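Below is one structure; the comments refer to it alone.
We count residues from 1, following the sequence as given. Ligands are counted one by one from 1 in listed order, and the atoms in each one are counted from 1 as well. All values reported here derive from a predicted model rather than from experimental measurement.
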Amino acid sequence: MAQRIRVSAPHGEDYDIVIERGILADAERLVNEFGLGGTVAIITSETILDLYARPLAQSLPNAKVFAMADGEQHKNLATFTMLQRQLAEHRCDRKTTVVALGGGVVGDTAGFVAATYMRGVRLVQVPTTLLSMVDSSVGGKVAVDIPEGKNLVGAFKQPAAVLIDPTVLATLPPVEYRCGMAEALKHGLLADVTLLEPRLHAPDQIEAFLERAIRVKVDVVEQDPFEQGLRQTLNLGHTFGHALEQVSQYAWKHGEAVAVGLVAAARLSSRLNLLDEQTATQIEDLLAETGLPTHFHQYEPEALWQAMHTDKKWQSGHSRFILLEGMNRAVVHEDIPKEEVIAVLASMRRDE
Ligand code: NAD
Ligand code: GLY
């Protein structure tokens, strides 16, 4: 059954998230209901080009397709500049709608292009990974990475709509599906334990699962759209996760790094006597049962600690971690001693 979630956003930029099988193939509605009848710039990745971008472009009256290379290592300023120049070469104007069609890498990059091209054009997010459906397409954060850190250059750009067609998940590689589960389970830990129940993970429950996972994020971004406080809790596991991505030069996928980060956050919470050990173990078991990594090889805890310093939540060198004081009780903690963090990381490092 189709679902629609209305999101209140600042400055009256409210938008709908539509979860509906087949919505991507319904050109009439895309044009009449979601404003894709004018000039449309579909920004996508090489993998999505033939699968979904070309068919979508052919069904719309005036759409052009621009493809970036796949992978986090291409979510950068070079790709951003290339896309900006391509839009200009193809005479895209202020009335152009950018459609971000792909996973979170495309959504973040294309979103930042839309936020800045001609000082901002309309953006429609069409996420095609589980991760981008439950997380990155919602809430308006768009960014690219620079060598000094992840997501360090970006903007807040609310989409005019988020269109989710769950049928596209059929082509998603299992490892990418698991990555999306990491963010969805994070939402379960933050605010909705139903998301942790295996019954909701069955393929025939996907719409209900998506809706519940998205509602957790919507609830937070409506209260704190510019991350002044509460929204920081959505970064549960991300301080560790981003460090792992960065130190591995993005060999680690975001969702897998977040899974390890969730284990680290649970272990650190337990070590600081905020969370009972049993709950921390339950979280670790749940991630392992989902097929997600719960430890890492190779990297030095000290190197991970250094990489954490580019975390945007940290201020003037003061550390800031999102920790759990129980299920659905995430709290921001500052100035956690380095030795505690290093001890947790050392406990998660396995010899190959
Ligand atoms: P991704 O965008 O790299 O996609 C993963 C892979 O799946 C890619 O190779 C892609 O081409 C392929 N793919 C996508 N959809 C497919 C489909 N339907 N069928 C077959 N293949 C498909 O990775 P991701 O996990 O979607 O996104 C991770 C990114 O999202 C990171 O850069 C992360 O920082 C960002 N993120 C942003 C926010 C935010 O609020 N803006 C939140 C969470 C994550
Ligand atoms: N993914 C964290 C946020 O959107 O704030």
Q158 and H11: side-chain hydrogen bond (donor to acceptor under 3.5 Å, both in side chains), yes or no, with the steps?
-> CA-CA 10 Å; Q158 302 300 337; H11 316 299; over 6 Å; no
side-chain hydrogen bond (donor to acceptor under 3.5 Å, both in side chains) assessment of Q84 paired with T116 = CA-CA 9 Å; Q84 295 280 12; T116 46; 2.8 Å; yes
Take Q232 and H238 through the side-chain hydrogen bond (donor to acceptor under 3.5 Å, both in side chains) test and state the conclusion after the steps.
-> CA-CA 10 Å; Q232 292 182 17; H238 282 58; over 6 Å; no
Test salt bridge (charged side-chain N to carboxylate O under 4.0 Å, His left out) on K253 and E245 and set out the steps.
-> CA-CA 7 Å; K253 291 179 186 297; E245 283 184 271; over 6 Å; no
Quick check on ligand 1: any N or O pairs to the protein under 3.5 Å? One line per pair.
unit_1	atom_1	unit_2	atom_2	d
ligand 1	2 (O)	G104	N	3.0
ligand 1	2 (O)	V105	N	2.9
ligand 1	9 (O)	D70	OD1	3.3
ligand 1	11 (O)	S45	OG	3.4
ligand 1	11 (O)	T47	OG1	3.4
ligand 1	11 (O)	D70	OD1	2.5
ligand 1	15 (N)	T128	O	3.2
ligand 1	15 (N)	T128	OG1	2.7
ligand 1	18 (N)	T128	O	3.0
ligand 1	18 (N)	V168	O	3.0
ligand 1	18 (N)	T171	OG1	3.4
ligand 1	19 (N)	T171	O	3.3
ligand 1	19 (N)	T171	OG1	2.7
ligand 1	26 (O)	G104	N	2.8
ligand 1	26 (O)	T129	OG1	2.6
ligand 1	27 (O)	G104	N	3.1
ligand 1	32 (O)	E72	OE1	2.5
ligand 1	32 (O)	E72	OE2	3.4
ligand 1	32 (O)	K75	NZ	2.9
ligand 1	32 (O)	K150	NZ	3.4
ligand 1	34 (O)	K75	NZ	3.2
ligand 1	34 (O)	K150	NZ	2.7
ligand 1	40 (O)	K217	NZ	3.3
ligand 1	41 (N)	D108	OD1	3.0
ligand 1	41 (N)	K141	O	2.9

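Sorted by first and then second residue, the pairs that involve residues 89-109 and meet salt bridge (charged side-chain N to carboxylate O under 4.0 Å, His left out), not counting sequence neighbours, are K75-D108.
Tested against T290, the residues L287, T294, L292 include a single side chain to side chain contact (heavy atoms under 4.5 Å, CB included) partner, L292.
Atom-to-atom distance recorded for I43:CD1 and L83:CG is 5.0 Å, nearest 0.5 angstrom.
Partners of R329 under the salt bridge (Lys or Arg N to Asp or Glu O under 4.0 Å) rule, at least two apart in sequence or in another chain, do not exist in this structure.
In this structure, T96 and R122 have side chains that are not in contact, with every pair of non-hydrogen atoms separated by 4.5 Å or more.
The residues lining ligand 2, counting any heavy atom closer than 4.0 Å, are D135, K141, K217, E227, R231, L234, N235.
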